[in-house]
Amino acid sequence: MEPIKNIKGTQDLLPQQAWKWHYIESVIRKMSETAGYREIRTPIFESTQLFKRGIGELTDVVSKEMYTFTDRGNTSLTLRPEMTASVMRSWIQNSLGQEGGVQKLYYAGPMFRAENVQKGRLRQFHQWGIELVGSPAAAADAEVILLMIRTLESFGLTNLKLKLNSVGDENCRPVYREILKDYFRPRLAELCPVCQGRFDSNPMRILDCKNETCKSVSAEAPKITDHLNEACQTHFDLVKTFLTKANIPFEIDPFLVRGLDYYTKTAFEVISTDLGSQNAVGGGGRYDLLIEQLGGKPTPSVGFAIGIERLLILLEERNLFKDLSPKGPDLFVATFSESHQTAIFPVVQNLRLAGIRTEMELIGRSIKAQMREADRLKAAYVLVVGDQELETQTVTLKKMADGSQTPVNLSELTDFFKRLA
RNA sequence: GUGGGCAUAGCUCAAUUGGUUAGAGCGCCAGAUUGUGGCUCUGGAGGUUGUGGGUUCAAUUCCCAUUGCUCACCCCA
């Protein structure tokens, strides 16, 4: 029989690793909630149309990376490749805007993209993200960026780089695109085939190309930051002012173009050199037009997402997991035979009911092997149950740290451990 | 979709210019005073060398194919 293996680009989270996720998730939740964000959970699959309309048909994510299938009713469904579109769908559908003010939402969960795998890039991966819905203010952008940076810092990460740009809005971006096309048109032949295709579909993406000749052609290209209209320019300047006042270093990158169509004005990305080629830990931006595109009332919003697996890689490589691994059991109960197990079983169950983490031998190994097991589990105490103990109703508790032994009456066992705590 | 690298025990890796029963460390199991862990010592289990073909007296080693993993392009988290 051939064993069945997991699907490429997915991974098992084994018990030895799970606590690291718990740790990351606890920090994420705490930081989000402290900043006033509330969790939202949406379905893992949605109607395909949601992502096509929200993210943009021409983006790589939608055109070639979605896990799309039809269900038995012949409806086209897609495993979510990101969550902003889902959250906005839910926001509209559940009239969250009716609650007034801004809605501050966060999420954490699995996303799916049918890409080729490499370091930091999986087919099922996890994102933590936040969405601040309903504010056009630069303060909102700044708040979002700050939450992302401060959270990464709270894990102990340093040497992260924040890249910032403005991609304009529906008024100035089309103008800039034409200026850009005018620049590239005479040099079109020098660009790589992919960028030649981008010339018509999305010329701004040429700026992002890593191809050396494309980079050199792009080097002198007009910058969006020189062609923002007044509203975008003012907004951008204000975001920079907020960040400067908060002592957040950033680097303006006029070539930062993110791959999702819905961004307007602010776009940002946090990168780290420890990640290999996929160096973005997280990114985000403002999306003032998205809700309208999805059929809601025009609502300016801003958000980010970070990749949890990438964060995990960083924490591993910089050795930032403090020893948060779970403690061993309070007590390991060793037995000689099934009859001893039968006798002590109710005691073990009562200890657990009292909140004392108790393990009992289940495969009938020798006492020596059970001691080794208790040691491996990092049990604080061990007690051995044999005929003597059952006859006298008194057990000897061995403290594993120093080997000292204490006699305890069986009826006082629970109290003994409660006093320790 | 395209390229490079790798594939030997549960894990990390050895195996001389192709040469005989493919090894080690860790882990696992058992023992070293009859009912007591860590350290030490002894023994044991565990491999169709990813799979299929080819060259050869002989292949873990060379060649071809295939699958998987990995890194990279692209794009993103």
Side-chain angles (χ1 to χ4, degrees), chain A residues 2-3 5-9 11 14 16 55 58-65 80-84 108-129 148 152 192-195 197-198 202 205 208-212 214 256-260 263 267 269-272 275-284 304-314 328 332-337 340 361 363 365-389 395-405:
Chain A
E2 278 293 302
K5 301 206 292 188
N6 69 315
I7 301 299
K8 185 193 193 77
Q11 40 189 213
L14 302 177
Q16 297 89 318
I55 301 169
L58 292 175
T59 59
D60 283 19
V61 169
V62 170
S63 64
K64 53 186 201 196
E65 294 168 6
R80 64 187 185 201
E82 59 106 45
M83 214 164 130
T84 301
M111 311 295 159
F112 306 84
R113 292 184 198 173
E115 295 191 272
N116 256 347
V117 299
Q118 67 187 78
K119 185 174 185 182
R121 196 175 73 186
L122 297 158
R123 291 185 176 176
Q124 175 177 335
F125 61 101
H126 295 75
Q127 288 185 331
W128 164 51
M148 177 161 83
L152 293 171
C192 72
V194 184
C195 283
R198 286 172 174 149
N202 191 348
R205 208 85 73 70
D208 215 21
C209 188
K210 272 87 181 176
N211 180 298
E212 283 306 322
C214 293
L256 172 65
V257 178
R258 314 209 74 247
L260 310 175
Y263 287 116
E269 200 165 272
V270 172
I271 62 170
S272 163
L275 280 173
S277 171
Q278 305 304 316
N279 62 0
V281 193
F304 72 73
I306 71 143
I308 296 182
E309 283 85 356
R310 290 185 186 178
L311 174 58
L312 196 82
I313 290 172
L314 286 180
F332 185 95
V333 178
T335 52
F336 290 95
S337 70
H340 300 130
E361 172 67 2
I363 51 180
R365 284 170 288 193
S366 67
I367 290 294
K368 188 195 250 319
Q370 293 182 54
M371 290 301 294
R372 261 201 300 273
E373 176 72 2
D375 187 54
R376 188 172 32 233
L377 292 171
K378 295 185 166 48
Y381 287 85
V382 173
L383 69 79
V384 178
V385 178
D387 293 334
Q388 281 175 38
E389 286 79 5
V395 292
T396 304
L397 276 175
K398 176 166 182 171
K399 187 175 184 179
M400 295 298 272
D402 58 13
S404 63
Q405 310 218 35

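Residue numbers start from 1 in every chain, and the chains themselves are labelled A, B, ... in the order their sequence lines are given, proteins ahead of strands.
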At a cut-off of 3.5 Å, list every protein nitrogen or oxygen paired with a nitrogen or oxygen from nucleotides 65-71 of chain B, distance to 0.1 Å.
{"from": "C69(B)", "atom 1": "OP2", "to": "Lys8(A)", "atom 2": "NZ", "distance (Å)": "2.9"}
{"from": "C71(B)", "atom 1": "OP2", "to": "Lys119(A)", "atom 2": "N", "distance (Å)": "3.1"}

Expected rows: protein N/O vs nucleotides 31-36 of chain B N/O, under 3.5 Å:
{"from": "G35(B)", "atom 1": "O6", "to": "Gln388(A)", "atom 2": "NE2", "distance (Å)": "3.0"}
{"from": "G35(B)", "atom 1": "N1", "to": "Glu389(A)", "atom 2": "OE1", "distance (Å)": "3.2"}
{"from": "G35(B)", "atom 1": "N1", "to": "Glu389(A)", "atom 2": "OE2", "distance (Å)": "3.1"}
{"from": "G35(B)", "atom 1": "N2", "to": "Glu389(A)", "atom 2": "OE2", "distance (Å)": "2.7"}
{"from": "U36(B)", "atom 1": "O2'", "to": "Lys398(A)", "atom 2": "NZ", "distance (Å)": "3.2"}

Please produce a list of atom pairs where a protein N or O lies less than 3.5 Å from an N or O of nucleotides 41-44 of chain B.
none

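Residue Arg80(A) comes nearest to Pro110(A) through the heavy atom pair NE-O, 2.8 Å, listed as atom of the first residue, atom of the second, then distance.
Comparing the same atom, C1', in C13(B) and in C6(B) gives a spacing of 14 Å after rounding to whole Å. Spacing of P atoms, U61(B) relative to A14(B), comes out at 16 Å, to the nearest Å. Remark: the separation of the C1' atoms in U56(B) and A72(B) is 38 Å, to the nearest Å.
For the strand RNA chain B, secondary-structure stems (runs of at least three Watson-Crick or G-U pairs, all distances below 3.5 Å) span B:1-7 with B:67-73, B:10-13 with B:23-26, B:28-32 with B:40-44, B:50-54 with B:62-66.
Applying the side chain to side chain donor-acceptor pair (under 3.5 Å) rule to Glu361(A) yields the partners Arg365(A); only residues at least two apart in sequence or on another chain are considered. The ring-ring contact (aromatic ring centres under 6.0 Å, His included) check on Tyr381(A) picks up Phe416(A), Phe417(A), with sequence neighbours excluded.
We find that CG of Leu14(A) is positioned 16 Å from P of G10(B), with the value rounded to whole Å. Summarising the geometry, the separation between CD1 on Ile363(A) and P on C28(B) is reported as 12 Å, rounded to the nearest angstrom.
Contact between the side-chain N/O atoms of Arg121(A) and the OP1/OP2 oxygens of A77(B) is not found at any separation under 4.0 Å.
Residue Arg365(A) has its side chain nearest to C29(B) when only C29(B), G37(B), A77(B) are considered.
Judged by closest nucleotide on RNA chain B, Asn116(A) is the one of Asn116(A) and Gln278(A) placed further toward the 5' end.
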